[in-house]
*Asks:* 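Next up is a structure, given as structure tokens.
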2 protein chains.
Amino acid sequence: MDEFIEVLQKCVLFDGIAPRDLKAMLGCLGGRVATFDRGEAIFSAHSPADDVGIVLSGAVQIVLDDFDGNRTIQDRVEPGGMFGEAFACAGVERLPVTVEGVCPGRALIIRLRRITATCTNACAFHNRMVMNLLRAMAAKNLQLSRKLEITSRRTTREKLMAYLMSQAHEARSSRFTIPFDRQALADYLCVERSALSAEIGRLRREGVLESERSSFTLLGLENGGRI
Amino acid sequence: MDEFIEVLQKCVLFDGIAPRDLKAMLGCLGGRVATFDRGEAIFSAHSPADDVGIVLSGAVQIVLDDFDGNRTIQDRVEPGGMFGEAFACAGVERLPVTVEGVCPGRALIIRLRRITATCTNACAFHNRMVMNLLRAMAAKNLQLSRKLEITSRRTTREKLMAYLMSQAHEARSSRFTIPFDRQALADYLCVERSALSAEIGRLRREGVLESERSSFTLLGLENGGRI
DNA sequence: CCCTCCGTGTTGGATTTCCAACATACATTT
DNA sequence: AAATGTATGTTGGAAATCCAACACGGAGGG
């Protein structure tokens with residue numbers, strides 16, 4: 001387990017907890033290390049949602065099987081990332097999604113109860129972990145709200161501009177780089193890649209922005225780059 | 001304050017806390033009652049996000065002022081409902097939204113710190129409240145994910161069917177009633193009201209469903225109503 | 001160098017949505 | 001009864017999207 005201390009340190013769940021303390025708590029938390037292959041399920045849909053997972057190595061993805069038989073990838077989690085916490089915290093009886101490996105790896109599985117239960121002995125860190133959970137959940141909340149706020153726009157142009165402006169805002173500059181290629185951006189905005197490319201071209205011709213691959217500059221904000 | 005105990009009982013934050021205990025804690029929480037009019041701001045955008053609000057009477061709405069000057073109503077909160085908790089828990093410095101009254105009313109404003117801080121004296125309920133917060137946040141998370149999952153479909157038909165199927169699933173019956181009128185449903189699904197009505201008519205003609213106002217029955221699930 | 005792959009931009013026709021307008025049904029008010 | 005308001009359904013042309021296809025340029029491999 002010691003080999004994973006470094007990864008666990010990066011997990012928001014253990015934020016503010018020193019390595020030596022972390023080591024000590026792991027026993028109290030009673031987690032188990034699951035080894036998974038590409039495509040293998042770590043959590044299966046319809047199984048109880050009592051556990052929180054933390055990716056130690058490799059990567060996993062959250063897969064939702066639709067009513068109509070399609071499967072959509074909701075999210076991808078890398079080492080240090082957490083999964084299943086929302087379902088466990090919400091107290092749903094059964095998982096509506098499957099969590100499976102994208103490549104071989106390991107994950108630490110912890111029963112949520114072990115995190116939230118204030119134990120009588122040494123570990124004074126349960127409180128800290130619960131606060132970390134709270135913060136992580138709230139942050140995800142805001143992230144989802146922002147995405148909803150963008151994708152609820154009706155036209156490709158409106159979605160794109162809302163996204164670019166939020167990115168500029170975040171970067172505190174009218175010049176910024178986005179973490180998506182065209183196809184991924186189109187998926188994020190729920191629009192057609194070709195329509196997206198066309199719209200970017202149109203905005204460029206109209207003098208609204210300059211762009212070069214994933215770098216964008218919003219023009220006409222009449223403030224020289226500061227947002 | 002006693003007059004509001006009944007409303008507060010309904011708030012998820014105080015779930016599992018007896019009325020007499022609740023009364024006792026209110027002092028410890030150090031909340032203040034804010035009175036507001038229609039259109040008056042309870043929390044203003046760009047102000048610090050340290051507080052959680054609970055609607056006691058009347059109603060409030062969460063308003064987002066866009067980059068381009070538009071204002072969109074993100075949510076509406078009725079008595080017993082909570083607001084601002086995600087921003088406070090996420091630890092954002094300044095509120096990105098305004099919370100204002102939809103009609104005259106009152107709200108209990110509590111500093112988040114007072115909820116999360118384990119106090120030395122009597123109130124053993126801080127822990128319970130933090131768990132309630134955690135649960136509420138997780139539930140909202142799932143709710144947002146579900147909405148995103150529905151609205152990210154491309155066509156009116158797909159959005160509508162995804163929504164109806166999730167509703168049928170929730171009701172555990174192919175016959176169910178939705179909590180929206182046509183315009184509200186169109187807003188929720190991010191589609192045109194007229195296109196929505198047209199699509200419902202089409203699905204009805206195709207024998208996929210029967211509907212009467214807000215009551216729907218999905219046909220062809222070849223299981224006699226059970227989902 | 002040639003070739004392939006990949007990301008991006010472009011284009012045109014089929015399809016869908018959008019928008020405004022009107023039709024219908026029902027409830028409430030006067 | 002008449003008038004008014006509200007919710008829903010319908011329709012037709014304008015506008016936007018979707019989809020498939022192809023063009024272009026750079027990266028990397030043989």
Side-chain angles (χ1 to χ4, degrees), chain A residues 66 68 70 72-73 76 102 148 150-164 167 175-219, chain B residues 66 68 70 72-73 76 102-103 147-148 150-164 167 175-219:
Chain A
D66 290 358
D68 40 327
N70 304 7
T72 50
I73 297 165
R76 184 195 170 98
V102 256
L148 213 41
I150 289 172
T151 58
S152 65
R153 307 293 178 108
R154 299 303 180 75
T155 66
T156 298
R157 172 183 278 246
E158 280 179 340
K159 289 177 186 176
L160 174 59
M161 284 307 291
Y163 174 72
L164 292 179
Q167 287 297 110
R175 188 161 198 299
F176 53 91
T177 300
I178 65 174
F180 295 126
D181 63 16
R182 288 290 179 278
Q183 185 59 59
L185 179 57
D187 289 345
Y188 181 84
L189 299 179
C190 303
V191 299
E192 200 59 25
R193 182 197 62 79
S194 65
L196 175 62
S197 273
E199 200 59 61
I200 291 174
R202 208 168 298 140
L203 288 166
R204 192 160 34 202
R205 275 192 299 282
E206 290 176 18
V208 178
L209 55 78
E210 289 171 355
S211 72
E212 157 75 30
R213 298 262 162 177
S214 297
S215 295
F216 290 82
T217 306
L218 291 180
L219 308 174
Chain B
D66 290 358
D68 41 326
N70 304 6
T72 51
I73 297 166
R76 184 195 169 99
V102 245
C103 56
K147 172 157 185 181
L148 212 41
I150 288 173
T151 59
S152 64
R153 307 294 178 109
R154 299 303 178 75
T155 66
T156 299
R157 188 189 187 95
E158 280 179 341
K159 290 178 187 177
L160 175 59
M161 284 306 290
Y163 174 73
L164 292 179
Q167 287 298 109
R175 186 162 200 299
F176 53 90
T177 301
I178 65 173
F180 295 127
D181 62 18
R182 288 291 180 277
Q183 185 59 62
L185 179 58
D187 289 345
Y188 182 84
L189 299 179
C190 302
V191 299
E192 201 60 25
R193 182 196 62 79
S194 64
L196 175 62
S197 273
E199 200 59 60
I200 291 175
R202 208 169 298 139
L203 288 167
R204 192 159 34 199
R205 274 192 300 283
E206 290 175 17
V208 178
L209 55 77
E210 289 171 356
S211 72
E212 156 75 30
R213 297 262 161 177
S214 298
S215 295
F216 289 82
T217 306
L218 291 180
L219 307 174

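Here is how names work: the chains are called A, B, and so on, in the same order as the sequence lines, proteins then strands, and each is numbered from 1.
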*Asks:* Rounded to the nearest Å, what distance is computed from the CG atom of residue B:L185 to the C1' atom of nucleotide D:dA7?
*Replies:*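 After rounding, the gap between these two atoms is 13 Å.
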*Asks:* Please give, in whole Å, the distance from D:dG12 P to B:E192 CD?
*Replies:*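 Taking atom P of D:dG12 as the reference, CD of B:E192 is at 17 Å.
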*Asks:* Go through D:dT10, C:dT8, C:dC18 for me and flag the one nearest to the B:A195 side chain.
*Replies:*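 That would be C:dC18.
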*Asks:* B:R193 has an atom CZ; how far is it from atom C1' of D:dT8, in whole Å?
*Replies:*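 Value for this atom pair: 7 Å.
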*Asks:* Angle between ring planes, A:Y163 versus A:F180, binned at 30° and 60°: parallel, tilted or perpendicular?
*Replies:*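 A:Y163 vs A:F180 ring planes: tilted.
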*Asks:* Rounded to the nearest angstrom, tell me the gap between atom CZ in A:R157 and atom P in D:dC18.
*Replies:*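 The distance from CZ of A:R157 to P of D:dC18 comes to 16 Å, rounded to the nearest Å.
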*Asks:* Please tell me if the side chains of B:L189 and B:I150 come closer than 4.5 Å, counting only heavy atoms from C-beta onward.
*Replies:*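 Touching, per the 4.5 Å side-chain cut-off.
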*Asks:* Heavy atoms from C-beta onward define the side chain here; which of D:dT10, C:dC18, C:dG9 lies closest to that of B:S197?
*Replies:*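 That would be D:dT10.
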*Asks:* How many whole angstroms separate atom CD1 of B:I200 from atom C1' of D:dT11?
*Replies:*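 So the CD1-C1' distance, B:I200 to D:dT11, works out to 17 Å.
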*Asks:* Does any part of the side chain of A:L218, heavy atoms only, come nearer than 4.5 Å to the side chain of A:F216, both counted from C-beta?
*Replies:*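 In short, these two side chains do not touch, never coming nearer than 4.5 Å.
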*Asks:* Quickly work out the A:R153 CZ to D:dT17 P distance and round it to whole Å.
*Replies:*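 These atoms are roughly 14 Å apart.
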*Asks:* Show me the donor-acceptor pairs, under 3.5 Å and distance only, between side chains in residues 203-210 of chain A and residues at least two apart or in other chains.
*Replies:*
residue, atom, partner, partner atom, Å
A:R204, NH1, A:S211, O, 3.2
A:R204, NH1, A:S211, OG, 2.7
A:E206, OE1, A:R157, NH1, 3.4
A:E206, OE1, A:R157, NH2, 3.1
A:E206, OE2, A:R157, NH2, 2.7

*Asks:* For the pair made of CD in B:Q183 and P in D:dG5, what is the distance, rounded to whole Å?
*Replies:*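 Answer to the nearest Å: 19 Å.
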*Asks:* Tell me whether B:R182 contacts the main-chain N or O of B:R213 through its side chain, where contact means a donor paired with an acceptor under 3.5 Å.
*Replies:*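 Indeed, once roles are kept as given, a pair shorter than 3.5 Å links the two residues.
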*Asks:* Can you pull out the residues from residues 201-216 of chain A that lie within a 4.0 Å heavy-atom distance of DNA chain D?
*Replies:*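 Those residues whose heavy atoms fall under 4.0 Å from DNA chain D, taken from residues 201-216 of chain A, amount to none.
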*Asks:* Do the side chains of B:P179 and B:Q167 get nearer than 4.5 Å, heavy atoms only?
*Replies:*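 Touching, per the 4.5 Å side-chain cut-off.
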*Asks:* What is the distance, rounded to the nearest whole Å, between atom CG of A:L196 and atom P of D:dA16?
*Replies:*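 One finds 16 Å between P of D:dA16 and CG of A:L196, rounded.
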*Asks:* Please tell me which of the listed nucleotides, C:dT10, D:dT17, D:dC18, lies nearest to the side chain of B:R154?
*Replies:*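 Nucleotide nearest to B:R154's side chain: D:dC18.
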*Asks:* Inspect the surroundings of CZ in B:R154 and state if more than 12 heavy atoms from other residues, nucleotides or ligands are less than 6.0 Å away.
*Replies:*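 Yes, because the 6.0 Å sphere around CZ of B:R154 holds more than 12 heavy atoms from other groups.
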*Asks:* So A:S194, base contact, sugar-phosphate only, or nothing? Heavy-atom distance under 4.0 Å.
*Replies:*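 Base contact.
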*Asks:* Does a nitrogen or oxygen in the side chain of A:T156 sit under 4.0 Å from OP1 or OP2 of D:dT17?
*Replies:*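 The answer is yes; a side-chain N or O of A:T156 sits under 4.0 Å from OP1 or OP2.
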*Asks:* Which nucleotide in the set C:dG9, D:dT17, C:dT17 lies at the smallest distance from any side-chain heavy atom of B:E199?
*Replies:*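 Taking heavy atoms from C-beta onward, the closest nucleotide is C:dT17.
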*Asks:* Is the phosphate of D:dG9, meaning OP1 or OP2, less than 4.0 Å from a side-chain N or O of B:R182?
*Replies:*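 Yes, because at least one side-chain N or O of B:R182 sits under 4.0 Å from OP1 or OP2 of D:dG9.
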*Asks:* Over all strands shown, is A:T155 touching base, sugar-phosphate only, or nothing at heavy-atom distances under 4.0 angstrom?
*Replies:*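 A:T155: backbone/sugar contact only, no base atoms under 4.0 Å.
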